[in-house]
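Here the structure is laid out as structure tokens; the discussion comes afterwards.
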Amino acid sequence: MRQKQKKVGLRMEKIIVCGQNPLRGTVRVQGAKNAALPILAACVLVSGVSTIENCPDLSDVRAAVAILKRLGCAVKRSGHTLTVDSRFVSCYTIPNELMREMRSSIVFLGSVLARTGKAVLCAPGGCAIGRRPIDLHLSALRALGAQIEEQNGVLCCRANRLCGAVVALPFPSVGATENALLAAAVANGDTLICGAAKEPEIDDLVLFLNRCGAKITRTERGDLFVRGTPWLHGCRHRVMPDRIAALTVMAAVGAAGGNVMLQDAVPGHLTAALGVFCKAGCLLETGERTLRIAAEGRLNAVPFLQTRPHPGFPTDGQAAVMAMLCTAEGRTAVEETIFENRFHHVAALRQMGARIRVSGRRAEVEGVPCLHGAAVAACDLRAGGALVVAGLGARGTTVIRGVRHIDRGYEKIETCFKTLGAQIERSADSGPEQPQSE
Ligand code: UD1
């Protein structure tokens, strides 16, 4: 009971932003959540010790660590470095409460099954942004020889021996690609994952696995060829920079104005997004691992913005860029092609004065000269990032609740923007938490 109270108590925080201070200075981009989580799941395959550097301190990462510990791994954190000793994996069951903490928990299915020959777990949690089925994950694992049954919402999976096969993905699902890769890395024989996702986080997972002794290459067509190896050893790996965190800072500069240097940002991961910022009138300067963005005055609307699998514009950046374009001159049409229900941020942006009409997967944003502060609530992770962007550009004070969603993917978001001169604080919130969908 005491623990439950403590957990609820932790959630009661708010972020208070006084907007319209131009952002200036240099900021280092955090390690990528969406690379760190599958890499931590991959540690289960390793019969040894893995050292993962640049691992952001996020609630989703803490949830992955809790799963690793439950499975029998010893995990230590020192700053941004996690050491995972997975020599003695002793368990193949992941309890419901750990599975429901986040969507990425489903990627443990492939690695637990491959390591132990069994896996018992329920459907994953995560942001409420659409149906998010796992049929592609299951059919990929079945193609590799897994037997999977569902009983009362629990997946019972078995594979005495995973065997290489052709895995054809009808959609380049990031999670299904990761699950197929993890299982195929230690399967008996060769696997070709056709239609694999091309997100940079997949390539970071491949890099980690190859450093552990796996043999994975990307073909010219973008498929993944995996030569199965019987066992993997530990390695040292540095998680790639977070392209969505970088994009959120860029959107904030677009909204509030200013001139910011992002260090540890990889422009090559952000090509589609950079095009959008250029069209909006931001000035960009790119280096190999740096990105400078400057913006002044009112931006231009971008006629059409469509989310697509990589290398298209990322669905995770849609909310933050929409928040930036709420005050651009003209009308922007946004089409969300990845998830059917990813406009939860629109209601809060409207509370701040935005003019947005939503119809199915399309949103029409009619730029207004200025947003105003309001009391709003983040109802999912990227919606939360978008509200911080909106608040930084808005006149007056914005109070953002639902901070626990933001903490799933942004490490100390207020510190990042404070460094750049924003007036932003986190404080305890004694008021009632706003109703949220999760
Ligand atoms: C997706 C995003 C990823 C983002 C993450 C968190 C894409 C392609 N993927 O990854 O960039 O970081 O959300 O926001 O942009 N689907 C199925 N069956 C499945 C799996 C997925 O139908 O078994 C569908 C989903 O309903 C969705 C689409 O495929 O419409 C994207 O799914 P997927 O890439 O698997 O999602 P994530 O791995 O969560």
Side-chain angles (χ1 to χ4, degrees), residues 30-58 60-94 98 104-119 144 159 161-162 164 175 177-191 200-218 224-242:
Q30 69 183 52
K33 166 181 94 77
N34 290 342
L37 296 176
I39 287 170
L40 289 174
C43 288
V44 174
L45 294 176
V46 169
S47 309
V49 179
S50 315
T51 307
I52 317 295
E53 297 172 358
N54 203 28
C55 204
D57 190 8
L58 306 168
D60 270 14
V61 170
R62 288 193 285 275
V65 168
I67 292 176
L68 284 169
K69 287 184 174 167
R70 168 78 199 197
L71 295 171
C73 303
V75 189
K76 276 198 200 121
R77 180 184 272 278
S78 165
H80 285 109
T81 300
L82 284 184
T83 309
V84 183
D85 181 347
S86 36
R87 282 175 299 168
F88 309 109
V89 171
S90 53
C91 174
Y92 56 84
T93 304
I94 304 179
L98 292 181
S104 293
S105 56
I106 193 62
V107 180
F108 279 88
L109 173 57
S111 58
V112 172
L113 183 65
R115 175 75 188 256
T116 68
K118 288 184 203 157
L144 295 166
R161 195 175 182 105
L162 291 165
T177 302
E178 289 163 350
N179 255 325
L181 262 179
L182 294 176
V186 291
N188 189 27
D190 297 344
T191 296
E201 292 78 12
I202 299 280
D203 291 321
D204 207 33
L205 174 63
V206 167
L207 196 59
F208 170 77
L209 287 168
N210 283 346
R211 285 191 173 137
C212 294
K215 296 185 176 67
I216 306 168
T217 47
R218 217 185 252 280
L224 289 165
F225 178 75
V226 188
R227 175 141 287 173
T229 52
W231 71 283
L232 300 179
H233 53 76
C235 77
R236 180 174 282 269
H237 179 82
R238 185 174 172 80
V239 173
M240 61 173 267
D242 194 314

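Heavy atoms from other residues, nucleotides or ligands lying under 6.0 Å from CZ of Arg238 number more than 12.
Here the shortest heavy-atom pairing between Val107 and Gly175 reads CG2-O, 4.4 Å. Taking each heavy atom of Leu205 and Pro38 in turn, the nearest pair found is CD1-O, 3.7 Å. Nearest approach of Val44 to Arg115, heavy atoms of both residues: O-NH1, 2.8 Å. The minimum heavy-atom distance linking Phe208 with Cys43 is given by the pair CZ-SG, 4.0 Å. Here the closest non-hydrogen pair linking Cys73 and Val89 is SG-CG2, 4.0 Å. Taking all atoms of both residues into account, the shortest heavy-atom contact from Leu144 to Ala183 is CD1-CB, 3.7 Å.
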In sequence, state the C-alpha distance, the side-chain angles, and the governing distance for Leu209 and Leu182, and then conclude on side-chain contact (heavy atoms from CB on, under 4.5 Å).
CA-CA 8 Å; Leu209 287 168; Leu182 294 176; 4.1 Å; yes

Run the side-chain contact (heavy atoms from CB on, under 4.5 Å) check on Arg218 and Val206 step by step: do they pass?
CA-CA 9 Å; Arg218 217 185 252 280; Val206 167; 5.9 Å; no

Walk me through it: do Arg70 and Cys91 pass the test side-chain contact (heavy atoms from CB on, under 4.5 Å)?
CA-CA 7 Å; Arg70 168 78 199 197; Cys91 174; 4.3 Å; yes

Verify side-chain contact (heavy atoms from CB on, under 4.5 Å) between Val61 and Leu37, making sure each step is shown before the conclusion.
CA-CA 6 Å; Val61 170; Leu37 296 176; 4.1 Å; yes

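Here the straight-line distance linking atom CZ of Phe108 with atom CG of Asn179 works out to 10.5 Å at 0.5 Å rounding. Between the CG atom of Leu68 and the CD1 atom of Ile94 there is a distance of 9.0 Å, given to the nearest 0.5 Å. Annotation: the span from Asn54 atom CG to Thr81 atom OG1 amounts to 8.5 Å, rounded to 0.5 Å. Of the inter-residue distances, the one linking Glu53 atom CD with Thr83 atom OG1 reads 9.0 Å to the nearest 0.5 angstrom. The distance from the CZ atom of Arg161 to the CG atom of Asn188 is 4.0 Å, given to the nearest 0.5 Å. With rounding to the nearest 0.5 angstrom, the SG atom of Cys235 is 10.0 Å from the CG atom of Asn210.
With hydrogens and angles ignored, the 3.5 Å screen pairs no side-chain donor or acceptor of Asp190 with any backbone N or O of Gly164. A donor-acceptor pair under 3.5 Å is formed between the side chain of Arg77 and the backbone N or O of Gly79. Judged by distance alone, with hydrogens and angles left aside, the side-chain atoms of Asp204 form no donor-acceptor pair with the main-chain N or O of Ala35 at under 3.5 Å. Using modelled atom types, no side-chain atom of Thr191 and backbone atom of Ala185 make a donor-acceptor pair closer than 3.5 Å.
No side-chain heavy atom of Pro56 sits less than 4.5 Å from a side-chain heavy atom of Asp242. Looking at heavy atoms from C-beta onward, Lys118 lies out of side-chain contact with Val112 at the 4.5 angstrom threshold. Side-chain contact check for Ile202 versus Leu224: some heavy-atom pair is nearer than 4.5 Å.
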